[in-house]
Amino acid sequence: MIPSSFEYVAPKSVAEATSFLVAHPDDAKLVAGGHSLIPLMKLRLAGPKYLVDISRVPGLSEIREANGALEIGALATHHQIEASALVRERLPVLAETAALIGDVQVRNRGTIGGSLAHADPAADYPAPILALDAEISVTGPNGQRTIKATDLFVDLLTTSLKSNEVITQVRVPIPGAGTGASYQKFPHPASRYAIVGVAAVVRLNSDGICASARIGITGAGSKAERATAAEQGLVGSKLDDAALQKAGAAAAEAVDPVGDIHASAEYRRHLVREFTLRALREAASRAGR
Ligand code: FAD
């Protein structure tokens, strides 16, 4: 399909991009990698009058370590995150997640900022972003603000971002000693989107007891979410098979899964239980105590 006609602008800075968005509140749309927006435009589910291409704005694709966190520029591609020696060393679960996204072409073009802003309910990053307690830096006409990952995802393809704000950076705390993390997904066989994906981050104390747990689930419902009841049930326990099974059951009970041509709601609930168990098992083993 061919999209409806649009005008293309390529701002040279974030300030220029936000000014353009402010001047055209209902007609302009940012584009970064274009791997979610352009398919929607081709299907005529989106038809912006102006496409504001931020992909060449300098300074938005760096990945660096600062103050106990990795700061990942919004334009960092999935491939860049997958291949980064820094991410692999400090936040391997994020590199592993990026490597599971789509195919080589998608990973070469798609960006972390675009993925989070798009809020596809089957996207991969939202699960580890929630489990790792990340923060999203955004710039709008009134300056900068930070959105906690838990406050970002509102509903299907809907975030708490304003239409004139640009994500500039994703700040992901580096887990401390005794912490293990894992992302496990059941992929759609063609697109590789998550039918269900679960990220788990657990911290064990020196006796091997769970001191904290965070679980992020994508693919199941209309938006990515945390499994707080399952998390709470793990804290203070030894992470043996019975505790992990119980957490999987609690996560499955709490979700409100959607059913579609790819998987029924019942099957997605089953997958949440199974993939929560798998993610927790690997995270606990990586925590290594
Ligand atoms: P774009 O398409 O450029 O933009 C998407 C939306 O985000 C638009 O609304 C745009 O206005 C907004 N936006 C972009 N950048 C910013 C910013 N910095 N600040 C504010 N708003 C912004 N994803 C997965 O997670 N897992 C998969 O397995 C997967 N498989 C895929 C398979 C195929 C065949 C395709 C085409 C896509 C797949 N994707 C998958 C989606 C892919 O990861 C997209 O690249 C990603 O979701 C969006 O990133 P983008 O940079 O391409 O965003």
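Excluded from the calculations below are hydrogen atoms, water molecules and symmetry mates; all remaining heavy atoms, backbone and side chain alike, are included. Whatever order the structure lists ligands and atoms in, that order sets their numbers, starting from 1.
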For I54, is the nearest heavy atom under 4.0 Å from an atom of ligand 1? yes
Which of the atoms of ligand 1 are close to G33, meaning less than 4.0 Å from one of its heavy atoms? 3 (O), 50 (P), 51 (O), 52 (O)
Applying ring-ring contact (aromatic ring centres under 6.0 Å, His included), can you list everything that pairs with H35, at least two apart in sequence or on another chain? none
Quick one: sort the H24 and Y50 rings into parallel, tilted or perpendicular, breaks at 30° and 60°. tilted
Just jot down the ligand 1 atoms closer than 4.0 angstrom to any heavy atom of K29, in number order. 9 (O), 11 (O)
At a 4.0 Å threshold, what atoms of ligand 1 neighbour a non-hydrogen atom of K185? 28 (O)
Test of proximity, A123 against ligand 1: N or O pairs below 3.5 Å: no
Selected option - heavy-atom contact closest to atom 10 (C) of ligand 1, from V14, L30, L21: L30
A76, A32, S36: member with heavy atom nearest to atom 46 (C) of ligand 1: S36
Got a sec, which residues hit ring-ring contact (aromatic ring centres under 6.0 Å, His included) with Y125, two or more places apart in sequence or on another chain? H78
Ion pair check, E96 and R286, cut-off under 4.0 Å: yes
Contact check, H78 vs ligand 1, heavy-atom distance below 4.0 Å: yes
Quick one: which of T111, I136, V106 has a heavy atom closest to atom 51 (O) of ligand 1? T111
